Amino acid sequence: AAPTAAPTVVAAPTTAASPSAPPAEAEPAPSPTVERNRDTAKQFIIDYFEAYEEGLRTGSPDPLAGLATEDCSKCAGLVDGLAGMNDDGSRRPDAVVTVVPFESRAFEDPNVMTWTSTYESSLGDLFVGNEVVKVAGPRTSTNVHVDILHNGETWQMDGMATDGDLAKD
C-alpha cells in the first residue's frame with residue numbers, strides 16, 4: 001500500500017488584540033430629540049421640578065444638571081442651594097414638590113414659551129446625617145412663571161419668577 005500523507009492541521013485564526021491597541025470603547029447613545037410642542041413643554045416643566053425634588057431628597061445638585069440655560073439666575077440659585085446641601089451633607093428626604101402647568105404663551109420665536117404653573121412644596125425636615133437640624137415648615141403654594149427654550153433637541157429652563165417676585169418689580 002502506498003504511504004498516506006499525514007493530515008494537515010490548520011490552526012484557527014487568533015483574535016487577540018495587539019498589546020499596544022487600546023480596547024474599543026462603546027460610543028454613548030445619543031439623547032433622543034424632544035419635539036417642540038405644548039405637550040413636551042408641559043412635561044419638561046413637571047420633570048424639572050421632579051428633578052429639583054430629587055435634589056432636595058438626596059442633597060445633590062446632579063438631578064438639575066443641564067436642565068437650564070446659563071441665563072436662568074433662579075435656576076442657578078436652586079443648583080447653588082442644592083450644592084450647599086451637598087457640601088454640608090444635608091438633605092430633605094421627605095420633600096414633596098408638585099407643579100401643575102396650566103397656562104402657556106408662545107413668543108414670536110417658536111423655540112420659546114412662557115408657562116404659568118401652580119407650585120406647591122412641603123420641604124420636610126432638614127437632616128444632616130441622621131440628625132434633624134431644622135423642622136419642616138408649612139406647605140407653601142404660589143404661582144411660578146417660567147420661560148423655557150427649545151434648543152433644537154430638548155427644552156431647557158430659561159427664566160423663572162414667582163408671583164412674589166413679580167409683585168416686587
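Since the structure is predicted, the reported quantities are computational estimates derived from the model, not experimental observations. This chain uses plain numbering: 1 for the first residue, then up along the sequence.
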Please evaluate residues Asn151 and Asn111 with respect to the criterion side chain to side chain contact (heavy atoms under 4.5 Å, CB included), reporting the C-alpha separation (whole Å), side-chain torsions for both, the decisive distance (0.1 Å), and the verdict. CA-CA 7 Å; Asn151 64 13; Asn111 295 318; over 6 Å; no

Test Thr142 against Thr162 for side-chain hydrogen bond (donor to acceptor under 3.5 Å, both in side chains), laying out the working first. CA-CA 7 Å; Thr142 189; Thr162 64; 5.0 Å; no

Given Thr98 and Phe49, is the side chain to side chain contact (heavy atoms under 4.5 Å, CB included) satisfied, shown in steps? CA-CA 7 Å; Thr98 56; Phe49 286 101; over 6 Å; no

Working for side chain to side chain contact (heavy atoms under 4.5 Å, CB included), residues Phe44 and Val146: CA-CA 11 Å; Phe44 168 76; Val146 297; over 6 Å; no

Assess the residue pair Lys134 and Phe127 against the criterion (side chain to side chain contact (heavy atoms under 4.5 Å, CB included)); give the C-alpha distance rounded to whole Å, side-chain angles, the decisive distance to 0.1 Å, and a yes or no. CA-CA 7 Å; Lys134 185 176 182 184; Phe127 285 79; over 6 Å; no

Under the side-chain hydrogen bond (donor to acceptor under 3.5 Å, both in side chains) rule, what do Gln43 and Asp39 come out as? Steps first, then yes or no, please. CA-CA 6 Å; Gln43 187 59 52; Asp39 292 335; over 6 Å; no

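No chain of hydrophobic side-chain contacts below 4.5 Å, direct or via other Ile, Leu, Val, Met, Phe, Trp or Tyr residues, connects Met157 to Leu149. Residues Val144 and Val96 do not share a hydrophobic cluster, defined by chaining ILVMFWY side chains whose heavy atoms lie under 4.5 Å apart. Residues Val132 and Leu56 fall into different hydrophobic clusters, defined by Ile, Leu, Val, Met, Phe, Trp and Tyr side chains chained together at heavy-atom separations under 4.5 Å. A chain of hydrophobic side-chain contacts below 4.5 Å, direct or via other Ile, Leu, Val, Met, Phe, Trp or Tyr residues, connects Val79 to Leu123. Hydrophobic clustering of Ile, Leu, Val, Met, Phe, Trp and Tyr side chains at less than 4.5 Å, counting indirect connections, unites Met113 with Ile46.
The disulfide (SG to SG under 2.5 Å) pairs that include a residue from residues 87-130 number zero, where partners must be two or more places apart or lie in different chains. Listed by first and then second residue, the salt bridge (Lys or Arg N to Asp or Glu O under 4.0 Å) pairs that reach into residues 81-91 come to none, sequence neighbours excluded.
Annotation: side chain of Leu64 is in contact with side chain of Tyr48 (closest heavy-atom distance under 4.5 Å).
Nearest heavy-atom pair across Ser117 and Phe102 is C-CE2, 3.8 Å. A pairwise comparison of heavy atoms in Val99 and Ile45 identifies CG1-O, 3.9 Å as the closest pair. When all heavy atoms of Ala136 and Asp125 are compared, the closest pair comes out as N-OD1, 2.7 Å. Of all heavy-atom pairs between Ser121 and Val97, the closest is CB-CG2, 4.2 Å. Across Pro101 and Trp115, no two heavy atoms sit closer than the pair CB-CE3, 3.4 Å. Contact detail for Cys75 and Met160: the closest heavy-atom pair is SG-CE, 3.7 Å.
Ion pair Asp94/Arg57 not flagged as a salt bridge, since none of the NZ, NE, NH1 or NH2 atoms sits closer than 4.0 Å to an Asp/Glu carboxylate oxygen.
A distance of 3.5 Å separates OG in Ser104 from CZ in Arg38, rounded to the nearest 0.5 Å. Summarising the geometry, atom CG belonging to Leu82 is positioned 7.0 Å from atom CG belonging to Leu78; distances are rounded to the nearest 0.5 Å. Note that the CG atom of Asp147 and the OG1 atom of Thr114 stand 3.5 Å from one another [nearest 0.5 Å]. Remark: Asp163 CG to Asn143 CG distance equals 4.5 Å, nearest 0.5 Å. Of the inter-residue distances, the one linking Asp47 atom CG with Leu67 atom CG reads 8.5 Å to the nearest 0.5 angstrom. For the atom pair OG1 of Thr154 and CZ of Arg36, the computed distance is 13.0 Å after rounding to the nearest 0.5 Å.
Formation of a donor-acceptor pair under 3.5 Å by the His150 side chain with backbone atoms of Val34 is found in this model.
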